[in-house]
2 protein chains.
Amino acid sequence: MATAEGSCSDDSSLLNLESIRDSLVRQEDTIIFSLIERAKYPINSPLYDNKYNNLPTNSLFHFFLKQSEALQAKAGRYTSPDENAFFPDNLPTPLLPPLNCTPVLHPPGDSININDQVLNLYLKTLLPLITAKGDDGNYAVTAASDVNCLQALSRRIHFGKFVAEVKFRDAPADYTPAICAKDREALMKLLTFQSVEERIKKRVEKKAMIFGQDVDLNENDNEGKYKVNPSIVSQLYGDWVMPLTKFVQVEYLLRRLD
Amino acid sequence: MATAEGSCSDDSSLLNLESIRDSLVRQEDTIIFSLIERAKYPINSPLYDNKYNNLPTNSLFHFFLKQSEALQAKAGRYTSPDENAFFPDNLPTPLLPPLNCTPVLHPPGDSININDQVLNLYLKTLLPLITAKGDDGNYAVTAASDVNCLQALSRRIHFGKFVAEVKFRDAPADYTPAICAKDREALMKLLTFQSVEERIKKRVEKKAMIFGQDVDLNENDNEGKYKVNPSIVSQLYGDWVMPLTKFVQVEYLLRRLD
């Protein structure tokens, strides 16, 4: 069941395109489950407001995300090369000794972190699309659901580093001229396969239909109602997840010869 | 999308049997999603070991769960009548002022908390059934998945308080003699509907098949492989979730006339 989950014990799986692909497919389920769970609650805007001046940070959500990351850092989350924090500065050290991992990624690219973009996209664009209007006061469970969504999306998007590393190792000559020329457009072209992207968009839409239906023992009683609109999931992948993953790949490749 | 989610804004939904039923059905999805997500990782036994003496608590997982609850308490989670902490003592006070809720539950029953049993059942019985053997070192993500599972199961099981309150309000005369006689067996009989329980077991099994399949664009390519064994989910409900929910109901009713 465990595939390319990023620990030392299976670092080799992070350098194997088939295994990376399996993980990306599996991560689709995680992302869709997390969106469905977040959609249980209305948008709950006060959670993201800066109006609570008695808080140590900007908003209750900002506080919650930062503290969640600090706790997970203590449990060692960010020692894994496939995890990137939203607030990477001053994270506490892990309580357990680190595993002795062989670095998989090229160091200059390893540090790429576009979570500012992921957070902004999630809060400003995605949340209003998947939630109902309103405020039910359930801020803690809402924030915990948000953290699950954000971590799943961030992990998926930053997996571009592994994709890029493997593609480069498989065919360095294909990428080296564009890297040397710092030609982002050429790299983006090399990394873009329209038919593959269309398949992924269709698959995540299908998954959103399957996972977001109301299942009962009677057949065909769902009447096309889904907990998260499947076309929004398809749009999420087409407009943001895949473009941002490719952005990470391009940025990684540009640093690959440093 | 939001049903009986326990905030003040919909307290009335926690006293409406139809709405409670809808929430219980929806919670099945949450529980199954969380189990599927946990099953991505092997059992990762060191996470639960007491061998790390440099930790402030028994095991890394104990520490993680306790600290997660402390953080969520700050965000107000345990002000909601449908949330019960695993470590309810000395939780920090919420950072935001509490909502002015009308109490829904009868106070002596409100404090029922069988999370010790839920935690023990989860760690000792359920985890070995849904995870592969092994240790991939991904303790932080594993622990976070465990917390999601535990909170979903705890919420479902303690929902028995609302079920009991509504059933009592609807027909106090049916329950009063058994309550006065402290007759647990008679109360358990009044709360048991074999055919309903069979339907629930079948439904969660079906959900585990639907949510735990590998979805691809080709049809019929799953070959009966599921991320969590559907019969284990059915067993989880039949042997533990429903009996423990009824245990909570009986305990609640026994305090209902105090």
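Here is the naming used below: chain letters follow the sequence lines, and residue numbers restart at 1 for every chain. Since we're looking at a predicted model, the values are computed, not measured.
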Nearest 0.5 angstrom please: B:Leu96 CG to A:Tyr139 OH, how far? 7.5 Å
Rounded to the nearest 0.5 angstrom, the CZ-CG distance for A:Arg26 and B:Asp214 is 8.5 Å
Return all side-chain donor-acceptor pairs below 3.5 angstrom for residues 68-76 of chain B, not counting sequence neighbours, or 'none' if the list is empty.
unit_1, atom_1, unit_2, atom_2, d
B:Ser68, OG, B:Phe64, O, 2.8
B:Glu69, OE1, B:Phe86, N, 3.0
B:Glu69, OE1, B:Phe87, N, 2.8
B:Glu69, OE2, B:Tyr78, OH, 3.4
B:Glu69, OE2, B:Phe86, N, 2.7
B:Gln72, OE1, B:Arg77, NE, 3.4
B:Gln72, OE1, B:Arg77, NH1, 2.4
B:Gln72, OE1, B:Gln151, NE2, 3.2

Check: A:Glu37 and B:Asn148 side chains under 4.5 Å, non-hydrogen atoms: no
Nearest 0.5 Å, please: how far is CZ in B:Phe33 from CD1 in A:Ile32? 9.5 Å
Does a side-chain heavy-atom distance below 4.5 Å link B:Glu28 with A:Val215? no
So do A:Glu205 and B:Leu217 actually touch side chain to side chain, heavy atoms under 4.5 Å? no
Apply side chain to side chain contact (heavy atoms under 4.5 Å, CB included) to residues A:Asp29 and B:Gln213 and explain how you reach the verdict. CA-CA 10 Å; A:Asp29 300 34; B:Gln213 65 185 306; over 6 Å; no
All heavy atoms of A:Glu83 vs all of B:Val141, minimum pair found to be OE2-CG1, 3.8 Å
